[in-house]
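Scroll down for the structure; my scribbles are underneath it.
What you see below is based on every heavy atom in this structure, not just the backbone, and it leaves out hydrogens, waters and symmetry mates. Positions are given from 1, in the same order as the sequence printed here.
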Amino acid sequence: MTSTIDARKNATKSGTYDIYIDIDCDCEELLDAIGLDYTTSEDDEHQNEVKLILTPDEFEDVQHDCNFNYTDEQDIASVLLNPELGEYTTRVQIYKPSGDKITFE
């Protein structure tokens, strides 16, 4: 897992939106079935962490699908992954190119 400081630096340097999604470890088979790479979360050993890297245009598409004023971590994961994995999502962290971090828990 990348530390918070490293994640911010990576997103800032690359100009991408780096998104970390924590999903209950009971969903490993679903993650494997759709071919997503994941690691065990450093914060909670019962959670797996999926990292996605989005371009600014891709992130804008997500914002069209999820109004960040009214959404939660499960809605965001449903849009980015699929609705079934969204149900098991416990946290989404978004590292923006500006260096800011948005967390949904």
Side-chain angles (χ1 to χ4, degrees):
M1 155 102 178
T2 304
S3 73
T4 298
I5 293 170
D6 290 339
R8 285 185 174 157
K9 285 180 184 177
N10 291 343
T12 301
K13 185 169 45 169
S14 66
T16 59
Y17 290 81
D18 295 358
I19 302 172
Y20 296 83
I21 303 170
D22 287 358
I23 301 172
D24 190 282
C25 65
D26 291 338
C27 295
E28 285 183 9
E29 289 180 17
L30 291 171
L31 292 169
D32 291 337
I34 60 175
L36 282 176
D37 292 330
Y38 57 90
T39 59
T40 302
S41 174
E42 285 187 358
D43 297 332
D44 183 350
E45 66 185 34
H46 298 101
Q47 301 291 312
N48 286 320
E49 183 177 81
V50 174
K51 178 182 180 183
L52 302 175
I53 300 172
L54 302 181
T55 66
D57 289 339
E58 292 169 330
F59 186 72
E60 189 174 322
D61 289 343
V62 172
Q63 287 182 299
H64 286 293
D65 293 335
C66 296
N67 180 340
F68 283 9
N69 292 318
Y70 303 104
T71 196
D72 63 14
E73 66 280 358
Q74 293 180 339
D75 290 339
I76 295 170
S78 293
V79 168
L80 290 170
L81 303 174
N82 67 42
E84 189 171 8
L85 287 171
E87 290 180 25
Y88 294 97
T89 298
T90 58
R91 178 174 67 179
V92 173
Q93 298 178 89
I94 302 169
Y95 293 89
K96 298 170 62 175
S98 64
D100 294 328
K101 174 182 163 185
I102 304 170
T103 301
F104 295 89
E105 295 183 282

Check your understanding: Can you say whether the rings of Phe104 and Phe68 are parallel (under 30°), tilted (30 to 60°) or perpendicular (over 60°)?
Key -> perpendicular
Point to revise | From Asp32 atom CG to Asn48 atom CG, the distance as rounded to the nearest 0.5 Å | key: 9.0 Å
**Study point:** Distance, nearest 0.5 Å, that separates CG of Asp22 from OG1 of Thr90
**Key:** 5.0 Å
Check your understanding: For Asn67, does the CG atom have more than 12 heavy-atom neighbours from other residues, nucleotides or ligands under 6.0 Å away?
Key -> yes
**Study point:** Inter-residue atom distance Ser41.OG - His46.NE2, 0.5 Å rounding
**Key:** 11.5 Å
Review point. With hydrophobic residues grouped by side-chain heavy-atom distances under 4.5 Å, do Ile34 and Leu54 end up in a single group?
Key: yes
Practice item. May I ask you to check whether over 12 heavy atoms, not counting those of Gln63, lie within 6.0 Å of atom CD? Key: yes
Review point. So if you build clusters from Ile, Leu, Val, Met, Phe, Trp, Tyr with side-chain heavy-atom gaps below 4.5 Å, do Ile102 and Leu80 land together?
Key: yes
Practice item. Can you see which heavy atom on Asp75 is nearest to which on Cys66, and at what distance? Key: O-SG, 3.9 Å
Review point. For the atom pair CD (Glu58) and OH (Tyr17), what is the distance rounded to the nearest 0.5 Å?
Key: 11.5 Å
Point to revise | Arg91 with Asp44: basic N within carboxylate O range, under 4.0 Å | key: no
Review point. Say you draw a straight line from CG of Leu81 to CD of Gln74; how long is it, rounded to the nearest 0.5 Å?
Key: 12.0 Å
Study note, to complete from the structure: Minimal heavy-atom distance between Ser78 and Pro83, with the atoms involved, is OG-CA, 3.6 Å
Revision key, fill the gap. Only residue of Thr89, Ile21, Asp24 satisfying side chain to side chain contact (heavy atoms under 4.5 Å, CB included) with Gln47 is Asp24
Review point. Without hydrogens or angle criteria, can the side chains of Ser98 and Asp100 be said to hold a donor-acceptor pair below 3.5 Å?
Key: yes
Exercise for review: Measure the spacing between CG of Leu85 and CD1 of Ile23 and express it to the nearest 0.5 Å.
Suggested key: 5.0 Å
